[in-house]
Amino acid sequence: MKKLIIAGGTGFLGEVLINYFKEKASEIVVLTRSKKNNYDTIRYIYWDAQSLTGWEKELEGADVLINLAGKSVDCRYNERNKSEIMASRVNSTSILNKAVLQCSTPPKHWLNSSTATIYRHSEDKQMDEVNGEIGHDFSMNVAKVWERTFFQTKTPDTLKTALRTSIVLGKNGGAYPMIKKLTQLGFGGKQGSGNQYVSWIHEYDFARAVAFIINQKIEGVINVVSPTPVRNREFMKTIQHRVKIPFGIPISKTLLEIGAKIIGTETELVLKSRNVIPARLQNEGFEFKYNTVQKALVDL
Ligand SMILES: NC(=O)c1ccc[n+]([C@@H]2O[C@H](COP(=O)([O-])OP(=O)(O)OC[C@H]3O[C@@H](n4cnc5c(N)ncnc54)[C@H](OP(=O)(O)O)[C@@H]3O)[C@@H](O)[C@H]2O)c1
């Protein structure tokens with residue numbers, strides 16, 4: 001690949017993708033709202049994620065565009081945060097649609113973030129891309145509007161893929177370091193009933209899946225999740241085992257609600273049952289390196 005553009009590539013998944021692709025792409029351009037120094041073949045270009053201010057020229061002739069921009073959902077869902085969560089995703093996607101359309105040689109493939117949270121809470125049914133059921137709360141509505149904004153503009157020369165990604169487990173970012181710390185402190189018991197499913201993917205498989213989607217030219221929506229979602233109680237037990245703490249205090253829903261208020265987050269992030277499977281990736285022949293949570297945690 002000659003040129004890869006990553007919008008919103010300064011966060012956790014941006015770092016994961018930069019590490020994976022830096023040897024495989026001649027040049028990586030990251031669109032960011034902050035000032036960052038270029039290094040090696042990585043260039044940082046300013047954008048405001050909502051208007052055309054010159055950054056759009058970078059898209060000309062690029063091979064692939066990946067958009068990861070969006071305010072973190074790890075916050076209280078008050079009106080201000082909710083509106084920023086929605087606007088940051090919709091505005092960045094919408095302005096990228098404009099930028100792609102005005103290129104004379106647009107990126108060949110555009111992968112836009114979405115989320116496996118688009119499917120309803122499910123302890124009974126596994127959600128794939130065809131039979132998965134999409135529900136109606138704040139998070140699911142954000143995901144729907146985000147995907148609608150992405151797909152509603154037709155880009156005849158650019159393939160489009162929405163990545164319905166589950167919780168990405170990584171060493172240096174995302175949810176895992178915090179869960180591990182809590183477990184080391186003895187609070188690694190089940191959360192709520194513990195029956196809810198955790199849909200997860202190892203950071204290396206996330207990057208490999210993105211590369212696979214690009215190589216195979218896969219379009220449309222795709223679940224970027226491991227094939228083995230596990231119940232929260234099993235997930236927490238496996239972490240306990242890995243960090244060699246023989247017990248884990250369970251945390252009830254009420255206690256989680258109090259804790260979430262104190263640290264400024266939402267219980268949905270741990271209590272929603274995400275029972276999602278990667279049907280399309282597997283049908284296309286993708287092989288996971290970390291296909292069980294045990295293997296993933298041994299590595300992490
Ligand atoms: N991590 C996961 O497990 C996971 C799972 C499913 C889906 N996702 C989705 O994947 C995307 C990337 O995830 P991540 O974990 O890398 O997130 P992250 O670490 O929070 O990074 C997101 C990036 O978005 C940009 N951003 C933040 N607020 C913004 C705003 N108000 N307007 C425009 N841009 C803004 C930031 O870049 P600058 O400050 O440099 O502009 C930031 O580096 C997100 O959309 C997330 O919802 C993540």
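Note that ligands are numbered from 1 as they come in the structure, with each ligand's atoms numbered from 1 the same way.
One finds the CD1 atom of I251 at 12.5 Å from the OG1 atom of T267 (value rounded to the nearest 0.5 Å). Taken from CG in L169 to NZ in K180, the straight-line distance is 12.0 Å, to the nearest 0.5 Å.
In summary, the atoms of ligand 1 found under 4.0 Å from a heavy atom of W146, numbered by their order in the structure, are 45 (O), 47 (O). Of all atoms in ligand 1, numbered sequentially from 1 with element shown, those under 4.0 Å from a heavy atom of T165 are 5 (C), 6 (C). For ligand 1, the atoms closer than 4.0 angstrom to any heavy atom of S34 are 40 (O). Of all the atoms in ligand 1, the ones that sit under 4.0 Å from a non-hydrogen atom of A49 are 33 (C). Proximity to A69 (heavy-atom distance under 4.0 Å) selects the following atoms of ligand 1: 24 (O), 34 (N), 45 (O). Atoms of ligand 1 found under 4.0 Å from any heavy atom of G8 (numbered from 1 in listed order, with element): 23 (C), 43 (O). Per-residue contacts place G11 under 4.0 angstrom from the following atoms of ligand 1 (heavy atoms of the residue considered): 16 (O), 19 (O), 21 (O), 43 (O). Counting the atoms of ligand 1 from 1 in the order shown, those under 4.0 Å from a heavy atom of T32 are 38 (P), 40 (O), 41 (O).
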Next on the checklist: Test side chain to side chain contact (heavy atoms under 4.5 Å, CB included) on R164 and T115; report intermediate values, then the result.
Outcome noted: CA-CA 4 Å; R164 291 183 174 171; T115 169; over 6 Å; no
Checklist entry - Can you list the steps and then say if Y197 with F235 is a side chain to side chain contact (heavy atoms under 4.5 Å, CB included)? => result CA-CA 9 Å; Y197 279 94; F235 182 66; over 6 Å; no
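Under the 4.5 Å side-chain criterion, counting only non-hydrogen atoms from C-beta, V29 is not in contact with I6. Side-chain contact between M1 and E27 is absent, with no heavy atoms from C-beta onward closer than 4.5 Å. Side-chain contact check for T10 versus Y44: some heavy-atom pair is nearer than 4.5 Å. Here the side chains of V224 and F206 are in contact, with some heavy-atom distance below 4.5 Å. Side-chain contact check for F151 versus V221: some heavy-atom pair is nearer than 4.5 Å. Between K82 and F138, the closest side-chain pair of non-hydrogen atoms falls below 4.5 Å.
Annotation: cation-pi geometry not satisfied between K171 and Y176 (NZ/CZ under 6.0 angstrom from ring centroid, within 45° of ring axis).
Contacts of A116 with ligand 1, taken as heavy-atom pairs under 4.0 Å, are absent altogether. With a 4.0 Å cut-off on non-hydrogen atoms, Y44 does not touch ligand 1 at all. Residue I167 touches ligand 1 through its backbone alone, judged by heavy-atom distances below 4.0 Å. Of all the heavy atoms of K36, none lies under 4.0 Å from any atom of ligand 1, so neither backbone nor side chain is involved.
Residue contacts with ligand 1 include S166, since one of its heavy atoms falls under 4.0 Å from the ligand.
In this model, a donor atom of one side chain and an acceptor atom of the other lie less than 3.5 Å apart for N195 and R233. Between the side chains of E123 and S273, no donor-acceptor pair is found at a separation under 3.5 Å.
Shown here for T93 and R89, the closest heavy-atom pair between the two residues is OG1-O, 2.7 Å.
For atom 41 (O) of ligand 1, the nearest non-hydrogen atom from the set K35, R33, Q50, R164 comes from R33. For atom 13 (O) of ligand 1, the nearest non-hydrogen atom from the set V142, L17, L13 comes from L13. Comparing heavy-atom distances from atom 3 (O) of ligand 1 across V224, V168, T93 singles out V168 as nearest. When E203, R89, E84 are ranked by how near their heavy atoms come to atom 31 (N) of ligand 1, first place goes to E84.
Within the 4.0 Å cut-off (strictly below), no protein heavy atom is located near atom 17 (O) of ligand 1.
By the 30° and 60° cut-offs, the orientation of the rings of Y290 relative to H202 is parallel.
The distance criterion of under 3.5 Å between nitrogen or oxygen atoms is met by F12 with respect to ligand 1. Residue contacts with ligand 1: S114 is placed with no nitrogen or oxygen under 3.5 Å of a nitrogen or oxygen of the ligand (distance criterion only). Inclusion of G70 in the set of residues having an N or O under 3.5 Å from an N or O of ligand 1 is warranted. At least one N or O atom of S113 sits closer than 3.5 Å to an N or O atom of ligand 1.
For atom 12 (C) of ligand 1, the nearest non-hydrogen atom of the protein is L68 O, 3.3 Å. For atom 20 (O) of ligand 1, the nearest non-hydrogen atom of the protein is S72 CB, 4.1 Å. The protein atom (non-hydrogen) at minimum distance from atom 42 (C) of ligand 1 is T10 OG1, 3.8 Å. Regarding atom 32 (N) of ligand 1, its nearest protein heavy-atom neighbour is S88 CB, 3.4 Å.
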